[in-house]
There are 2 protein chains.
Amino acid sequence: MITLTEENYIKAIYHLGKQGVETVNTNAIAEALQTKASSVTDMLKKLAEKGYADYIKYQGVNLTLEGKKIAIGIIRKHRLWEVFLVEKLNFKWDEVHQVAEDLEHIKSEKLIDQLDAYLKHPTHDPHGDPIPDRDGNFKQIEKILLSQATLGKKYQCVGVKDTSSAFLNYLDANTIALGTEIVLLHKEPFDQSIKIKINSREITVSQNVAKNLFLKTV
Amino acid sequence: MITLTEENYIKAIYHLGKQGVETVNTNAIAEALQTKASSVTDMLKKLAEKGYADYIKYQGVNLTLEGKKIAIGIIRKHRLWEVFLVEKLNFKWDEVHQVAEDLEHIKSEKLIDQLDAYLKHPTHDPHGDPIPDRDGNFKQIEKILLSQATLGKKYQCVGVKDTSSAFLNYLDANTIALGTEIVLLHKEPFDQSIKIKINSREITVSQNVAKNLFLKTV
DNA sequence: ATAAAAATTTAGATTAATCTAAATATAAAT
DNA sequence: ATTTATATTTAGATTAATCTAAATTTTTAT
Ligand SMILES: [Mn+2]
Ligand SMILES: [Mn+2]
Ligand SMILES: [Mn+2]
Ligand SMILES: [Mn+2]
């Protein structure tokens with residue numbers, strides 16, 4: 001039996017070690033979960049004992065294969081619920097995270113498989129993140145940050161890095177949504193701000209925005 | 001802040017004291033929640049301290065107005081989720097209880113209100129139990145048990161008392177569903193078994209069945 | 001190479017929920 | 001009115017998750 005708290009730690013470790021390859025350190029987990037480093041240490045011992053993680057004192061932690069499978073299962077549930085909330089229950093894309101954080105822990109194979117089918121097997125969540133299938137497989141779309149895009153090229157918006165309400169509301173206000181086409185017009189060397197054309201309208205966005213918007217070439 | 005465990009106790013107390021009028025005793029709660037009487041005593045003290053229940057040592061417990069409001073809120077969520085599972089996710093009526101038991105604890109006003117709207121404000125769950133509205137109001141339909149029905153009269157099946165898979169599967173096998181019309185043909189004095197006509201078919205059901213099927217006159 | 005700083009772990013407590021076994025109170029039976 | 005049985009509570013432990021403060025290890029800077 002795995003507890004809700006263990007699940008949250010496993011998911012955090014997975015996210016911090018991109019795709020579960022890098023070693024994750026204690027403070028990063030504490031920061032991510034808004035808890036104290038000493039609590040993290042305790043939990044890492046437990047996760048190691050239960051076979052979900054490889055942990056070496058003072059050296060950091062890695063998920064085992066089993067740990068990764070669990071993480072991906074939780075992420076699958078989280079993102080499917082997010083799709084449900086937006087598509088069926090009229091949530092905005094900045095309102096779903098909190099609720100999905102709880103719904104992701106509901107344990108029922110049938111529930112999640114039926115939900116997946118009901119939503120027509122979506123491949124991405126409302127923020128453009130990929131949804132693993134039943135077997136844990138998912139393909140990360142080839143995407144780059146707006147800040148790394150090349151001048152003159154045409155792109156399509158496919159995801160966000162920052163999922164805070166502040167950022168998502170900014171995008172809403174500027175009619176930037178997933179699927180929106182963007183042409184990179186100018187990069188200002190002084191402050192790295194970027195002028196783009198969206199929906200036949202020209203706007204300038206800050207470096208901060210450019211570093212949190214994912215694009216794909218089109 | 002109210003914990004998941006406290007919510008389960010409050011709901012159990014509510015259900016045991018029909019509509020929250022009768023005094024509920026420790027052992028009944030322990031039985032309902034599959035726990036030990038000593039654990040219940042501890043929790044009753046806490047619920048009383050938090051203002052959710054009135055509790056007198058050795059005398060039993062009652063929910064306060066606030067406690068009842070909480071109980072009804074949880075029941076509303078439980079039953080709405082049950083409707084969702086059956087109507088949208090193809091669950092059978094004997095499969096929903098376990099999952100709803102967890103979903104009922106998800107805390108989000110918007111979630112439950114939107115779910116309610118999405119389901120078109122259902123008034124009854126898949127077992128015929130009434131769903132409280134936002135304000136906690138619900139009208140108990142006038143219903144009697146098949147065992148108390150009168151000979152020759154025509155009824156409609158409107159609910160079940162026992163919600164076990166065994167019983168629900170029995171009803172499925174005999175094509176008895178909510179809405180099904182039933183005519184009472186004969187009551188056998190020997191074993192209280194009852195002969196009924198359903199869907200132009202005559203069958204005999206045991207007293208046990210008759211005591212768990214709710215009907216309304218039609 | 002040493003000292004200072006930062007990261008991490010340990011020690012010792014706390015809170016929530018649970019349990020077993022013993023004590024006490026209430027209810028039922030003689 | 002006692003005794004017996006049943007119900008309930010208390011006492012004392014346990015497990016999960018967390019915290020603060022102190023100790024230790026690792027990293028960085030001089
Ligand atoms: Mn979570
Ligand atoms: Mn998301
Ligand atoms: Mn529950
Ligand atoms: Mn029900």
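A, B, ... follow the sequence lines: proteins, then strands. Residue 1 opens every chain.
- In this structure, the CE atom of A:M43 is 17 Å from the C1' atom of C:dT10, given to the nearest Å.
- Of the side-chain N and O atoms in B:T41, one or more sit less than 4.0 angstrom from OP1 or OP2 of D:dT9.
- Contact annotation for A:T26: backbone-only contact, meaning every heavy-atom pair under 4.0 Å involves sugar-phosphate atoms and none involves a base.
- For B:K36 and B:D42, the salt-bridge test fails: no basic side-chain N is under 4.0 Å from an acidic carboxylate O.
- Applying the side chain to side chain donor-acceptor pair (under 3.5 Å) test to B:K77 and every residue at least two apart in sequence or in another chain returns nothing.
- An OP1 or OP2 oxygen of C:dA16 is reached within less than 4.0 angstrom by no side-chain nitrogen or oxygen of B:T3.
- Between A:V40 and B:T35, the residue anchored nearer the 5' end of DNA chain C, judged by the nucleotide with its closest heavy atom, is A:V40.
- Among the heavy atoms of the strands lying under 4.0 Å from B:S38 is at least one base atom, whether or not backbone atoms are also near.
- Computed from coordinates, the B:I2 CD1 to C:dA16 C1' distance equals 14 Å when rounded to whole Å.
- For the OP1/OP2 pair of D:dT6 and a distance below 4.0 Å, the side-chain nitrogens and oxygens of B:N27 include no atom meeting the criterion.
- In this entry the distance linking CG of A:D42 with P of D:dC19 reads 10 Å, nearest Å.
- Note on B:K57: every side-chain N or O is 4.0 Å or more away from OP1 and OP2 of C:dT24.
- Under 4.0 angstrom from either OP1 or OP2 of D:dT10 there lies at least one side-chain N or O belonging to B:K45.
- A pairwise comparison of heavy atoms in B:L184 and B:A149 identifies CD1-CB, 3.3 Å as the closest pair.
- At the heavy-atom level, B:T5 lies under 4.0 Å from the strands shown only through sugar-phosphate atoms.
- For the pair B:K88 and A:F84, the NZ or CZ position fails the cation-pi test of under 6.0 Å to the six-membered ring centre and within 45 degrees of the ring normal.
- Rounded to an integer number of Å, the gap from NZ of A:K36 to P of D:dA22 is 15 Å.
- With rounding to whole Å, B:I29 atom CD1 is found 16 Å from C:dT18 atom C1'.
- Within a 6.0 Å sphere centred on CD of B:E49, heavy atoms belonging to other residues, nucleotides or ligands number 12 at most.
- Atom pair A:L44:CG and D:dA16:P shows a separation of 16 Å (rounding to whole Å applied).
- At least one side-chain nitrogen or oxygen of B:Y9 sits closer than 4.0 Å to the OP1 or OP2 atom of C:dT18.
- Paired with A:T204 under the rule side-chain contact (heavy atoms from CB on, under 4.5 Å), one option of A:K195, A:H186, A:E188 passes, and it is A:K195.
- As judged by a 4.0 angstrom heavy-atom cut-off over every strand, A:N25 is placed among residues touching the sugar-phosphate backbone only.
- Between the side chain of A:D129 and the main chain of A:D125, no donor-acceptor pair closer than 3.5 Å is present.
- Summarising the geometry, the separation between CD1 on A:I56 and P on C:dT8 is reported as 14 Å, rounded to the nearest angstrom.
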Could you write out each protein N or O paired with an N or O of nucleotides 23-25 of chain D at a distance under 3.5 Å?
{"residue": "D:dT25", "atom": "O4'", "partner": "A:Y58", "partner atom": "OH", "Å": "3.4"}

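- Here the P atom of nucleotide D:dT15 and the CD atom of A:E49 are 12 Å apart, to the nearest Å.
- A salt bridge links A:R134 with A:D113: the closest approach of a Lys/Arg side-chain nitrogen to an acidic carboxylate oxygen falls below 4.0 angstrom.
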